[in-house]
Structures are given as C-alpha cells and as structure tokens.
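Comments concern the structure below.
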Amino acid sequence: MFKIVSKKILNPTVIQMEVLAPLVAKKAEAGQFIILRVNSDGERIPLTIAGYDREKGLVKIIFQVVGGTTELLKHKEVGDCLQDFVGPLGKMTDISNIKNAVVVGGGVGCAIALPLAKKLKQTGINTQSIIGFRSKDLVILEEDFKENSNNLIITTDDGTYGEKGNVCVPLERILNAGNKIDKIFAIGPLVMMKYVVLTAKKYNVPCIVSMNPIMIDGTGMCGCCRLSVDGQMKFACVDGPDFDGYEVDFDEMIQRNKIYAEFEGKAHEETCNLFKKEAR
Amino acid sequence: MPELPNLKNDKNKMPVQDALIRAHNFDEVALGYNKELALDEAKRCLNCKHMPCVGGCPVRIRIPEFIAKVRECDFEGAYQIIATSSSLPAVCGRVCPQETQCEKNCVRGIKGEPVGIGRLERFVADWHNDHIKTEKLGINKNGIKVAVVGSGPSGLSCAGELARRGYSVIVFEALHEAGGVLAYGIPEFRLPKRILKQEIDVLKNLGVEIKTNIVIGRTITCDELFKDGYKAIFLGTGAGLPRFMGIEGENLNGVYSANEYLTRSNLMKSYIDKPTTPIMKGGVVAVVGGGNVAMDAARTALRLGANKVYIIYRRSQNELPARAEEVEHAKEEGIEFKFLTNPIKIIGYKNEHDAKDIKNGFVKAIRCIKMELGDPDERGRRKPIEIANSEFDIDVDTVIMAIGTSPNPIIKQTMSGLETNSHGGIIVDENTGKTSIDGIYAGGDAVTGAATVISAMGAGKMAAEAIDKYLKNE
C-alpha cells in the first residue's frame with residue numbers, strides 16, 4: 001500500500017498528491033510515468049510523474065478528474081493509501097546536446113512539463129516556458145514555472161489571464177525572434193501538441209512530444225498504447241512516452257484515445273453519484 | 001495378487017459443463033474426475049518398467065508412481081510424488097498439452113487412447129488443495145538470497161525448486177498480482193483464479209516471497225539486486241510485446257492484441273457486471289490466429305456476449321497449433337472457423353458527412369483473402385499461399401490479433417552485456433539456462449518466444465538446478 005502524504009487542489013478539476021513510494025522516487029526522472037490502482041478492484045491508470053523527492057521517498061502526481069478512477073482518487077485524503085503504485089515506467093526525456101529550449105505545457109500537461117523545465121534549467125540550459133490554459137481559474141503551477149524557467153509566458157484561450165490565445169502565438173514569436181532554439185518540448189492535449197509541432201516545423205526546430213495513450217500494464221505486454229510513428233507501430237510504454245513530434249500520427253492517436261469515452265463518462269457519473277449518496 | 005489392469009481402450013471422459021450453457025458463463029468448462037472415475041482411469045496404467053510417459057514430461061513427474069498411489073486410494077501420497085517434480089500440478093493438470101507430451105508416449109495409446117495422465121494429475125492436485133491445509137514447511141534455510149524476475153510459470157517453478165533447496169527466494173512481479181500469463185492470459189473458464197491462488201499459496205508456504213509492483217530494470221536494476229546481496233538472478237520475464245500483422249487498419253478502435261483483450265477480461269475482471277476496466281463487448285468478433293491463445297480469446301469474446309465469433313486461420317484445420325481439446329470445445333460452443341483465410345486489411349467506419357460521428361475510427365469489417373497450402377517449409381509445415389482475386393469482407397466490430405508475441409524488451413533495454421538473439425530472446429546455455437552474464441539465468445518465453453506453460457516450468461526447474469550447482473561451487 002502507498003500512503004498519500006499531501007494533497008492540494010490546484011484548480012476545480014486538477015489535484016496534486018504526493019505519494020510515499022521510495023523505490024519509485026529513487027529512480028524517477030522527468031518524462032517517466034507511474035501506473036496506479038486506487039483500490040483492490042480498481043482500474044490501472046498511467047500518470048506522468050510531476051515531481052519527486054528522493055530523500056523523503058515521495059512521488060508527486062497531478063491529475064485531472066475525467067473518469068471513475070480519477071473521481072475516486074479525488075476523494076482520497078492525506079493518510080489514505082493507494083492499492084498499487086508502480087514505476088518509474090517509460091524512458092526519461094533526452095536533454096542531451098541542447099543549449100536553448102522551449103517547454104510548452106497545456107492544461108494538466110503542465111504538471112508533466114514542470115519536472116522537465118526544472119531539469120533543463122538545473123542542467124544550465126536556457127529554458128523558456130509557455131503554459132496555456134482555457135481560462136484564468138484553471139491556471140496551475142505559475143510560481144513553480146517562474147522559478148524553473150528563464151522566461152515564462154502564460155496564455156489563456158479567453159484572455160482572462162496572461163496573453164489571449166493559444167500557446168502557438170508566443171511560440172511563433174520566440175521562434176521569429178532569431179535566437180536559435182535547439183529543441184521544443186510539447187506536453188499537453190493531443191490537439192495542442194499537434195499544432196505546436198506544425199509551428200515548430202515551419203521553423204525547422206525539432207519538437208519532442210509526450211504521448212498519453214490508454215495503457216494497462218505499462219511494460220509492453222498488452223500493446224494497448226500503440227501509435228504510429230513515421231508509419232511504424234510503436235508502444236508508448238516501452239518505446240516512449242516521448243517521440244519525435246514530426247513523426248507522430250496525431251489524428252490516429254486522437255481517435256484511439258476516444259475508444260472508451262462513453263464508458264469513462266458513465267463511470268464518472270456513477271462514481272459521482274456514489275459519493276453524493278454517501279454525503280447524504 | 002495385484003489387481004488386473006482396466007483394459008478398456010478409451011479414456012474415461014472428462015465431465016464438462018454443457019456447451020450451450022458454458023458459452024455464456026465464465027465457470028470452469030472441464031469439471032474434473034470424481035474419485036470413481038479417477039480410480040477407474042488409474043487402473044488403465046500398466047505401470048511400465050521403462051516409463052515412456054516420464055520421458056515426455058518437461059519436469060519429469062514420476063507418473064507411474066503417482067498413478068499407483070491413486071490406485072491405492074492414497075491421493076495425498078500421489079500428490080507428494082508429483083510435488084517433488086512440479087510446482088504447479090493443479091495448473092498443469094488443466095493447461096498442459098498432455099497429448100503431445102506424456103500421453104503421447106503412453107503404451108496404452110498404441111491400441112486405444114492413452115491413460116488420462118493430465119486428468120489424473122488434476123484430480124490429485126485438486127484433492128490435495130481441497131482436503132489438506134498446507135502449513136509453512138520447516139525447510140532449513142541456507143541464508144543465500146536468489147531473485148526471480150517474473151511470477152509466471154517459469155519464475156514460480158524456479159522459485160519453488162530453489163526454496164525446497166533452502167534458498168531465500170524473492171520473486172519480483174511487475175503487475176499487481178502474481179501468476180504472469182496464468183493470471184492475465186489464461187481465462188477463468190480454463191484455469192480458475194482460485195486454483196492459481198492455492199498453488200501460489202503452496203509456494204509461499206515453502207518460504208517463497210512475492211513482491212508485486214516492481215519492474216526489474218526500471219524500479220530496481222539487476223546490478224542493484226547483486227549489490228543488495230542476491231547471489232543469483234533468474235529472468236522469467238515472459239513474452240512481452242504482442243505481434244501485429246503489419247496490415248492497414250490495425251490501429252483502429254476495436255482492434256486488440258490477444259494479450260490486451262485477455263488482460264482486460266482476466267486480470268482486470270472486465271467480464272464482471274460493473275467492471276472498472278472497460279472492454280468492447282457484444283457484436284461480431286474476429287480472432288486472427290490458430291493457437292491456444294486464439295481459442296482463449298474467441299471463447300472469452302463469446303462469453304462477453306458476442307453475437308458471432310470467427311477464428312481466422314491461414315492454414316487448414318490439420319495445422320492448427322491449438323490443443324485438439326480446445327478446438328473441439330470452441331466448436332461445440334458455436335465458434336466458426338474460417339480456415340485457409342488470411343486478413344489483408346481492417347476497414348474502419350468513416351462518416352464522410354459528419355466528422356463528429358462517434359462511430360468514426362471504429363472497426364467495420366475485415367478484408368480477407370483465401371489461401372491454399374503449398375510445399376512444406378524447412379520445418380515441414382506446408383506454406384499458405386494467397387489465391388489471387390479471392391478477397392472478401394466480413395463485417396465485424398472487434399478484431400483480436402492472436403498471432404504471437406516477442407520477448408519483453410525492458411530487461412534488454414536496461415541491462416548491458418545481456419546477449420539476445422535477432423528476435424529479442426535471451427540467449428542461454430540450453431543445459432543450464434545460464435545467460436551471457438555470470439550469475440544470471442533465464443527461461444520460459446523470454447528465451448524461446450511464445451511457448452507452453454509446462455515448457456516454461458521445465459526451463460525454470462532446470463535453471464534452479466543449475467543455480468544451485470553454481471552457488472554451491474562459489
């Protein structure tokens with residue numbers, strides 16, 4: 001069992017937890033993920049590692065409530081335990097041979113972008129971060145990004161905070177400014193990553209994306225997380241989750257992530273109802 | 001005077017659930033012999049001096065000896081004889097292909113049917129599990145730590161063997177439950193999880209410790225295991241990556257690898273009424289492949305509520321690699337075989353007028369081509385050849401690819417110096433299971449690619465013997 005030692009509501013649907021998992025904390029690196037089960041008949045869900053404290057043995061996760069399992073997780077409090085917590089899985093993000101980087105995070109994807117920004121900056125790489133949200137009340141991790149970037153730009157779709165518009169606008173400005181950017185890292189919704197890649201392509205700057213397909217075992221066994229990369233079948237859990245954004249078939253991935261959308265919606269609703277009943 | 005053998009030519013039939021009923025539930029299909037059937041079957045054994053059956057068993061169970069005990073009604077005595085050779089008798093009695101192993105060599109098979117060795121093994125193991133409460137055995141521990149990676153058949157067999165020899169064995173399992181393919185792959189109706197749990201409890205009573213949620217190579221590396229005081233490591237990481245055909249449409253929604261489909265249903269229990277893990281149920285299902293895994297997937301699909309299930313196989317019935325018994329069961333349950341047929345494309349639904357149609361991107365049909373058998377290949381199997389212009393479509397909602405797996409890549413990715421072959425299988429000495437690294441042994445599907453439970457157990461046992469020898473010489 002894995003104890004929750006801290007919990008913080010970042011915005012109405014995004015929650016941060018620190019979980020005591022010393023073996024995972026010891027090895028965790030930016031870009032890798034864990035798989036957890038909330039209880040003994042629970043579903044396995046992958047979450048990318050949002051931070052770690054090797055000394056205290058803590059792994060930070062940040063998740064958005066979308067289905068039954070994340071709703072259940074939301075109701076867990078400090079001191080409660082998670083049934084299973086395994087990792088770190090996947091390959092760590094490769095940051096070799098970079099002097100200037102741009103990290104682009106979108107929504108809850110910023111949670112994953114943060115440890116990467118932190119690692120880049122600590123390695124001495126000039127790191128500019130662009131983090132985008134739909135609206136002001138959804139903005140998360142602003143202070144953390146400020147601390148871990150040489151330059152931070154915040155965008156909101158509705159203009160209620162930071163720049164109005166999507167992340168590609170400031171990205172294009174940075175790429176236009178003439179300073180050489182060696183690599184862009186995009187982490188967020190698939191549609192956002194798709195457009196960041198298109199922008200990067202215009203300026204011929206390499207762009208790494210972090211994929212978040214549906215998974216079960218996370219060790220290559222089931223093949224559920226497969227995607228097309230340069231026309232080849234790849235498994236995100238063992239070949240990724242980072243891939244060269246130029247080569248990823250985003251439209252197919254967007255389609256694949258919808259397989260259980262109906263089930264997920266129902267499961268979320270049912271779990272919500274369960275908690276409402278209990279509260280009564 | 002010794003009792004005369006039972007000279008009936010036929011095996012006692014295995015009692016089974018009625019096909020029409022069992023096709024809609026996940027209860028075990030084969031119900032097992034009762035005492036009377038077991039005694040009658042045991043009397044068919046001629047107790048041959050040269051014991052040809054034992055030669056066919058990968059773990060060398062002393063078959064005539066245990067059957068003799070059954071004949072004496074000493075079922076626990078029979079169990080104890082099996083237990084000296086096999087760590088998972090209740091599993092093997094259910095899933096071993098006895099017809100190509102022990103029973104193939106049975107003298108009774110010359111004139112009639114061989115002795116039902118597998119059925120007797122199952123009877124004995126179930127009798128033991130139902131009647132004898134196993135207790136922690138007081139084995140003298142030698143204090144030497146050995147790590148076993150993976151809790152599937154090869155790992156459990158290796159662990160049991162080493163524990164009996166006094167080693168402190170820790171098994172590391174990546175998933176949240178022990179058993180490997182026995183837990184995620186083989187369905188409840190062929191191997192109830194209750195049986196698996198009992199067998200694992202027996203191993204725990206021998207002193208084997210199982211740590212779940214640890215991925216060796218990621219959570220802990222093999223180097224760290226050695227630093228932690230483990231003196232030897234056995235890699236039983238299994239067949240990892242599922243294979244696909246490389247045809248168009250394999251990433252459409254509704255195309256599963258058999259591993260994924262079976263894992264969702266078995267390990268994640270999506271077959272129950274209100275599952276937490278989803279799976280596509282109902283509709284028309286096509287399973288591609290002809291092995292036991294294909295049979296398991298097809299029969300699972302049926303039980304999950306499919307209206308129609310096809311098995312698509314590119315050769316003919318004679319070449320089916322699955323056990324005859326499983327094929328027979330599948331047919332009885334109403335699964336339709338499309339022999340000499342090979343998929344060439346999976347067709348998806350696409351509403352040209354509505355990009356938001358929720359059916360977009362889901363499987364609609366599978367395009368196949370008819371095949372004929374040509375000349376035998378180097379292994380003697382006749383090669384299937386496409387018949388030109390014979391394409392046809394079958395409307396389906398789900399496609400399950402059951403065409404094999406290649407070994408798990410994580411160990412290889414994270415361990416330098418470990419030699420593997422072109423398929424990714426770990427290269428080992430065939431008499432000891434020793435890998436290219438000192439102190440590290442391997443066996444099972446991680447070495448051979450997809451094979452049987454019992455051959456993996458045989459490899460685990462052989463490696464345990466070699467590890468014992470290696471550590472005694474240290």
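Values in this document were obtained by computation on a predicted structure and should not be read as measured data. A, B, ... follow the sequence lines: proteins, then strands. Residue 1 opens every chain.
Of the listed residues K258(A), M233(A), R44(A), the one with more heavy-atom pairs under 4.5 angstrom with chain B than any other is R44(A). Chain A forms the most heavy-atom pairs under 4.5 Å with one residue out of L241(B), L267(B), T277(B), T212(B), and that residue is L241(B). Your options are D217(A), V24(A), L89(A), and the one with the most heavy-atom pairs under 4.5 Å with chain B is L89(A). Here R264(B) is the residue among R264(B), E177(B), E250(B), M401(B) with the most heavy-atom pairs under 4.5 Å with chain A. The greatest number of non-hydrogen atom pairs below 4.5 Å with chain B, out of G42(A), A267(A), G68(A), A28(A), is found for G42(A). With chain B as the partner, the residue from T219(A), D251(A), L227(A), D239(A) showing the most heavy-atom pairs under 4.5 Å is T219(A).
The interface of residues 345-362 of chain B with chain A, defined by heavy-atom distances below 4.5 Å, comprises N360(B), G361(B), F362(B).
Taking a 6.0 Å sphere around NZ of K3(A), one finds it holds 12 or fewer heavy atoms contributed by other residues, nucleotides or ligands. Counting non-hydrogen atoms of other residues, nucleotides and ligands closer than 6.0 Å to OH of Y195(A) gives a total of 12 or fewer. No more than 12 heavy atoms of other residues, nucleotides or ligands shown are found within 6.0 angstrom of NZ on K364(B). The environment of NZ in K193(B) is crowded: more than 12 heavy-atom neighbours from other residues, nucleotides or ligands sit within 6.0 Å. Atom NZ of K74(A) sits in a crowded spot, with more than 12 heavy atoms from other residues, nucleotides or ligands closer than 6.0 Å. Within a 6.0 Å sphere centred on NZ of K197(B), heavy atoms belonging to other residues, nucleotides or ligands number 12 at most. Other residues, nucleotides and ligands contribute over 12 non-hydrogen atoms within 6.0 Å of the CE atom of M245(B). Heavy-atom neighbours of K412(B) NZ from other residues, nucleotides or ligands within 6.0 Å: at or below the threshold of 12.
Contact record, R226(A) with V255(B): NH2-O, 2.9 Å, taken as the closest heavy-atom pair. Shown here for M221(A) and P242(B), the closest heavy-atom pair between the two residues is O-CD, 3.3 Å.
Of the atoms belonging to E270(A), it is side-chain heavy atoms, and not backbone ones, that fall under 4.5 Å from chain B. Interface remark: Q255(A) contributes backbone and side-chain atoms alike to the contact with chain B (heavy atom separation under 4.5 Å). The contact between L175(B) and chain A is made by backbone and side chain atoms together, counting heavy-atom distances below 4.5 Å.
Without hydrogens or angle criteria, R256(A) side chain to N251(B) main chain gives a donor-acceptor distance under 3.5 Å.
Inter-residue side-chain proximity for I216(A) and E260(B) is flagged as met; some heavy-atom pair is nearer than 4.5 Å. Looking at H176(B) and S40(A), their side chains never come closer than 4.5 Å, going by heavy atoms from C-beta outward. Looking at C222(A) and Y261(B), their side chains never come closer than 4.5 Å, going by heavy atoms from C-beta outward.
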- Take E43(A) and K269(B) through the test side chain to side chain contact (heavy atoms under 4.5 Å, CB included) and record every step on the way to the result. CA-CA 9 Å; E43(A) 173 188 31; K269(B) 300 189 175 56; over 6 Å; no
Side-chain donor-acceptor distances from residues 213-221 of chain B under 3.5 Å, at least two apart:
unit_1	atom_1	unit_2	atom_2	d
N213(B)	ND2	D84(A)	OD1	2.7
R218(B)	NH2	Q413(B)	OE1	3.0
T219(B)	OG1	G87(A)	O	2.8
T219(B)	OG1	V215(B)	N	3.0
T219(B)	OG1	V215(B)	O	3.4
T221(B)	OG1	E224(B)	N	3.2
T221(B)	OG1	E224(B)	OE1	3.2

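Remark: S270(B) OG to F263(A) CZ distance equals 8.0 Å, nearest 0.5 Å.
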